[in-house]
Amino acid sequence: MAKLSLINREKKREATVKKFAVKRAALQAVIADQSKSEEDRYEARLALQKLPRNASPVRLRNRCQLTGRPRGTYKMFGLGRAKIREAAFRGEIPGLTKASW
């Protein structure tokens, strides 16, 4: 189990990303728009830099929903590899079977 403080930090980052998503998208649209003046695009870049670092979705880390483990997490299930294996052995994931050859 991951430390609770790290799990809570990740949840706080998710909330910050969600809070600033619209503002970030608007600023990025201004920056990408070639028809805008260079001054407007420059001001948009400065405004984007002034946003909190944790407002960037790149800083998010996928974690296991049960244990909080940051590595070996499958997006499709939202679980770490060990928890997927346990659930598969119990037959809780439809269509997922243990490989044998």
Side-chain angles (χ1 to χ4, degrees):
M1 182 86 178
K3 287 174 60 175
L4 193 59
S5 61
L6 296 178
I7 295 170
N8 289 336
R9 182 189 306 164
E10 194 64 31
K11 288 181 182 176
K12 188 176 176 183
R13 277 190 186 135
E14 288 173 8
T16 307
V17 166
K18 187 176 179 182
K19 178 180 176 183
F20 287 99
V22 175
K23 191 170 188 177
R24 282 183 62 85
L27 289 172
Q28 287 173 337
V30 171
I31 292 168
D33 190 1
Q34 296 292 327
S35 65
K36 301 274 186 184
S37 69
E38 280 295 321
E39 293 172 358
D40 291 341
R41 294 171 64 204
Y42 181 73
E43 289 174 10
R45 265 188 240 115
L46 291 178
L48 188 65
Q49 288 174 359
K50 287 187 189 283
L51 293 180
R53 284 189 176 185
N54 286 336
S56 174
V58 172
R59 292 176 65 98
L60 292 177
R61 178 81 176 178
N62 291 332
R63 289 186 171 269
C64 175
Q65 295 296 316
L66 299 177
T67 62
R69 180 180 166 83
R71 295 176 184 237
T73 304
Y74 288 76
K75 278 185 185 179
M76 183 184 294
F77 304 110
L79 299 174
R81 56 182 173 75
K83 292 299 173 183
I84 287 177
R85 184 171 188 265
E86 291 173 8
F89 284 155
R90 288 191 303 263
E92 295 174 355
I93 303 176
L96 193 65
T97 56
K98 185 176 183 293
S100 61
W101 60 91

Tell me the closest heavy-atom pair linking [X] and [Y], and the distance in Å.
X   : Y   : answer
I31 : R41 : O-NE, 3.0 Å
E10 : R59 : OE2-O, 4.3 Å
A88 : L96 : CB-CD2, 3.7 Å
A2  : I7  : O-CD1, 3.9 Å
V30 : A44 : CG1-CB, 3.7 Å
R63 : P70 : NH1-CD, 3.7 Å

Flag the pair V17 / L60 as yes when at least one side-chain heavy-atom distance between them is below 4.5 Å, and no otherwise.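 Touching, per the 4.5 Å side-chain cut-off.
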
Within the structure provided, determine whether R9 and K12 are in side-chain contact (heavy-atom separation under 4.5 Å).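 Not in contact.
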
Between R69 (side chain) and R71 (backbone), is there a donor-acceptor pair under 3.5 Å?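 Yes, because the side chain of R69 sits within donor-acceptor range (under 3.5 Å) of the backbone of R71.
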
Can you name the side chain to side chain donor-acceptor pair (under 3.5 Å) partners of E39, sequence neighbours left out?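 Listed in chain order: nothing, the list is empty.
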
Passing candidate, side chain to side chain contact (heavy atoms under 4.5 Å, CB included) with K83, options R81, E86, R85: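 Exactly one candidate clears the test, E86.
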
Side-chain heavy atoms under 4.5 angstrom apart, residues restricted to Ile, Leu, Val, Met, Phe, Trp, Tyr: same cluster for F89 and I93?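 No, separate clusters.
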
Is E14 paired with K11 through a side-chain N to carboxylate O contact shorter than 4.0 Å?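 Here K11 does not pair with E14 in a salt bridge, since their nearest N and O are not under 4.0 Å apart.
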
Could you check whether atom CZ of R53 has more than 12 heavy atoms from other residues, nucleotides or ligands sitting under 6.0 Å from it?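 Atom CZ in R53 is not crowded, with 12 or fewer foreign heavy atoms closer than 6.0 Å.
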
Start with the C-alpha distance between R13 and T16, add both sets of side-chain angles, then the distance that settles side chain to side chain contact (heavy atoms under 4.5 Å, CB included), and finish with yes or no. CA-CA 5 Å; R13 277 190 186 135; T16 307; 5.6 Å; no

Rounded to the nearest 0.5 Å, how far does CG of N62 lie from CG of L79?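 The CG atom of L79 sits 11.5 Å away from the CG atom of N62.
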
How far does CG of L48 sit from CZ of F20, to the nearest 0.5 angstrom?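 Between atom CG of L48 and atom CZ of F20 there are 11.5 Å.
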
Pairing donors with acceptors under 3.5 angstrom, does anything connect the side chains of S5 and N8?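 On atom types as modelled, these side chains do not qualify, holding no pair under 3.5 Å.
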
Tell me, which pairs form a salt bridge (charged side-chain N to carboxylate O under 4.0 Å, His left out) where one or both residues lie in residues 20-36, sequence neighbours left out?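 Not a single pair qualifies under salt bridge (charged side-chain N to carboxylate O under 4.0 Å, His left out).
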
Begin from the C-alpha positions of Y74 and I84 and carry the test side chain to side chain contact (heavy atoms under 4.5 Å, CB included) through to its verdict. CA-CA 9 Å; Y74 288 76; I84 287 177; 3.3 Å; yes

